[in-house]
Every structure is written in C-alpha cells, then in structure tokens.
Amino acid sequence: MLPVNPERFLADLHHLRSFGASGVLKGVVRPAFSDPDIAARKWLAQQYAEAGLTTQFDPVGTVWGLAEGRSLLVGSHSDSQPEGGWLDGALGVICGLELARAGAEAGVPISAVSFQDEEGRFGVTTGSRVWGGFTSLDDADRLTDTSGTTFAEARARMADLAGDFPDPKRFLGFLECHIEQGPWLDKAGEAAGIVTSIVGIRDMRITFHGQQNHAGTTPMHLRRDAYRGMLAYQQKIIDRFRNVVVPETVWTTGHVELYPGSHSIVPGRCTFSMQWRDGDRDRLERMEEIIREAIAETAEELGLTAETTGMLALDPVPMDPAFRKALETGAEAVAPGRWRSMPSGALHDATSVAAHLPVSMLFVPSINGISHAFEEDTAEEDLVAGLRIMAHAAERMAGA
C-alpha cells in the first residue's frame, strides 16, 4: 500500500471546506468560477506544486498536478452545488492530492486533478466533457447559467491562469473516489462500494399545448387543460414502466412550468422535465419508446398537442475490469467482508474521462444517504478507509 498519511488527508479535506463554508453544519457554497472556487483551485495548485507535481490550469479552469512521465490520474471536482456538501467531489480531489504525495515518496507516478464545473452551473460535467471531446470549447462558451452569464464570461475570470489541455496519452488511467450519495452502504453498515458502471441518462423537455380559458366558466368536459395532460402522462408511464424497469431504475420530473400560471385560468401550456437513468442502454431506449407513446396518446385523448425538445443522451459507462479488481482487492484488505459491487446512479467526471482512459470508481458511505445538501457527511473512519483502499489499488494500477 502507498504510504498515505490519514491525518494530513483529513486536515486537507477540512481546509478545502473552508473555501465557501456556509456556516451551516459542514455545508459549502462554492459554485464553479465563484470567488471561493477560484481561491480553492489556487490553493490546490500550491499543494500540487509542493508535492513535486507540475501545476497546470487548462482553458476551462480545471487544475492539474502532473507527475513526470506516464502516470495514473486520480481526482474529481472541487466546485459545489449552490447549496452543497463538503465531500461531494472534494473527497476525490483530496484523495488525489494525498495519493500523489504518497506516490512521490514511494516512486510511483501519480497525477492529480480537480475538474471544473462538474456540478453543472453551465452544463453537465462541463470541464471533463470538454477535455473528453464531448463538447467543443466554442459550444461550451455559449452555455449560460440561470442568471444569463455565459461560460466564456465565467472562465475569463481565470484567463490569467489558463494554459493548455494535458495530453490524455500521458495517463495510464483514471481513479475517482466519491461519496455514494445514496443510502445503501450506510444502511448496510458497509465501508465501500466498488462501482461496476455509471448509469446512462436520458433527459428531455416535454410541452403539452391546450386551450387557455376561464377557470370559473369553462365546463370540465370541454376543457383542454395542458396540466391535466401532464398528470395523465405521468400515470401512463408509471403503469407501463412496471414490467420494464428494475429496482435500480429511476425517473424524475423535477421542473414544471404552467402558462400563464394564474389561479383563475385553465393552463394553456404545460412544460415539464423528464429524466430517466439506468445502467442498461436497451432499457433506456425501451423507456424512451414508452415515454413517446404516452405523450402521443395523452395528447390525442385530451385534445392537446405535444412537443419534445432538448434530448440529452448519455450512455452507461462500464468500469475497467482490471482496475475494478484492484479496488476489490484493496477493499478486502482494508474492510474484509464490508464492501459490495454496485452501480452509480449519479453522473461523475469518470464518465467523460472514459473517452480517453480506463476508469474506475470507489464509493464510501453517505450518512443517511444525504448529498447535495448542507447535511451531507461521512464518518471520518470511513473516509480514511476509502483513502486506504485507494492507496492499495493505486499502487497496483500505476504499476500495471
């Protein structure tokens, strides 16, 4: 096992929390390109340099600590949700820093990274998607956040630091440690999860168009209520998914917009989001068929018209078998019998990195399964166990 220092690791993890600390529990407010985010990245660059790595900021604000020659890449992201937890992304970043230090001491080349805008202020894992080749820099620059700020305007705040993108060929593979962000490990009292794959995601916006009309004088049987269309559609997919999905499948409508949005007007338009996730591409496609059939049937039954826009399709990403085996061996050495293999229901930077490199991921428990909230936390003994598993695995991976 690489000679990691758990006390230094925990101290660095808590120090990273100080950038954008919310003052509520252990929460942080450190969105991409905010003052706390930029300050945290400059601090990380200093730590990388002190560990003997070559520090490099790329054009999108990702900060790299590069070992000489070909090396294993370890890291995650240090930006947060608008109201985020202290470990989401940060854990993997500090694991990368500590493993790079330990690797330097042991003569094992390990590079570290903190990708920019994983949390999606401007898109989905923006920094790693640009590096992975899924989004061009020109296209990314046109993305906007909820306030109308463009990605180009935001990254201009780090223009004085920006250099080139590192060549993916200099890396052997990518290893990412992350909190689970779900309840399974915590409920089972287990120390670690070895990720088998990162689920695929489909996301679209659906709009039903009906007839805006007076809410007090329009008889129920004559209404073309766009909101009723959404309700009928939701019931259809619940009924029809039943024989298709598995327990790990999830789907969500997280945003609904009614027009004109008055208590006294039958809605003439209802626009809502539809997202579904699963580790099997064929199942994702079958769900899409059901969704589109339900939209068409609902529109016909209720006298509405329908449209869909903004389809996002990210396919499932399997983890590298050899790297997975290294993590499994490490987990059995550190926490015998207290680990499991499991899919990731959340998107991570490893999804984008997999375009260039073999990837693998390790999960540690999230207390009560809470994440993307100030209450997010993990027991320190579990954080250290995760670091030690990573140290076992990284030594094997870097020597592969």
Side-chain angles (χ1 to χ4, degrees), residues 13-41 43-44 60-63 75-96 113-130 135 140 143-151 154-155 157-158 176-183 186 198-199 201 203 250 252-255 273 275 277 312 314 344-352 361 363-378 383:
L13 195 53
H14 282 285
H15 187 76
L16 181 53
R17 179 172 61 89
S18 71
F19 296 96
S22 69
V24 179
L25 301 172
K26 294 181 180 178
V28 297
V29 179
R30 197 167 57 229
F33 299 107
S34 64
D35 288 344
D37 173 63
I38 295 173
R41 291 176 185 279
W43 174 79
L44 281 167
V60 296
T62 294
V63 57
S76 189
H77 65 95
S78 52
D79 61 297
S80 80
Q81 288 283 335
E83 289 192 1
W86 73 296
L87 296 170
D88 181 358
L91 171 60
V93 168
I94 300 302
C95 276
V113 64
S114 175
F115 288 106
Q116 181 59 289
D117 195 30
E118 192 272 356
E119 295 291 7
R121 176 183 170 187
F122 295 94
V124 181
T125 59
T126 316
S128 60
R129 284 185 65 77
V130 172
T135 303
L143 297 171
T144 60
D145 66 7
T146 55
S147 71
T149 301
T150 66
F151 187 76
R155 73 183 182 92
R157 302 194 68 211
M158 298 181 69
E176 182 171 5
C177 185
H178 210 280
I179 54 171
E180 181 195 350
Q181 300 181 286
D186 185 54
I198 299 174
V199 297
I201 299 177
D203 193 294
V250 295
T252 305
T253 292
H255 178 79
S273 62
Q275 184 183 102
R277 306 187 184 206
L312 169 72
L314 301 175
S344 170
L347 190 66
H348 299 284
D349 287 309
T351 298
S352 304
M361 288 194 70
F363 283 165
V364 298
S366 295
I367 295 174
N368 295 322
I370 295 174
S371 184
H372 285 186
F374 290 159
E375 293 86 352
E376 175 185 285
D377 206 2
T378 296
L383 297 173

Can you confirm whether the side chains of H178 and D88 place a donor and an acceptor under 3.5 Å from each other? yes

Taking atom types as modelled, is there a side-chain donor on Q275 or T252 under 3.5 Å from an acceptor on the other? no

Heavy-atom donor-acceptor pair, [X] side chain to [Y] backbone, under 3.5 Å:
X    : Y    : value
H348 : A350 : no
S344 : I198 : no
S273 : H255 : yes
R277 : G345 : yes

Close side-chain approach of [X] to [Y], heavy-atom, < 4.5 Å:
X   : Y    : result
L87 : L383 : yes
W86 : L16  : no
T62 : V113 : yes

Considering all heavy atoms of both residues, which atom of [X] and which atom of [Y] are nearest to each other, and what is their separation?
X    : Y    : result
E375 : I370 : CB-CG2, 4.0 Å
V93  : S76  : CG2-C, 3.7 Å
S352 : T125 : OG-OG1, 3.6 Å
P31  : D37  : O-CB, 3.1 Å
R121 : A154 : NH1-CB, 4.5 Å
F115 : G127 : CD2-C, 4.4 Å

Quick one: salt bridge (charged side-chain N to carboxylate O under 4.0 Å, His left out) partners of D186, sequence neighbours excluded? none

Could you tell me which residues satisfy side-chain contact (heavy atoms from CB on, under 4.5 Å) with A39, sequence neighbours excluded, listed by chain and number? F19

Can you name the residues that form a side chain to side chain donor-acceptor pair (under 3.5 Å) with [X], not counting sequence neighbours?
X    : answer
T146 : none
S114 : R41, S78
S371 : Q181, E376

Measuring from atom CD of Q81 to atom CD of E118, what distance do you get when rounded to the nearest 0.5 angstrom? 8.5 Å

Sorted by chain and number, sequence neighbours left out, ring pair (Phe, Tyr, Trp, His ring centres under 6.0 Å) with F151 holds for F33, F122

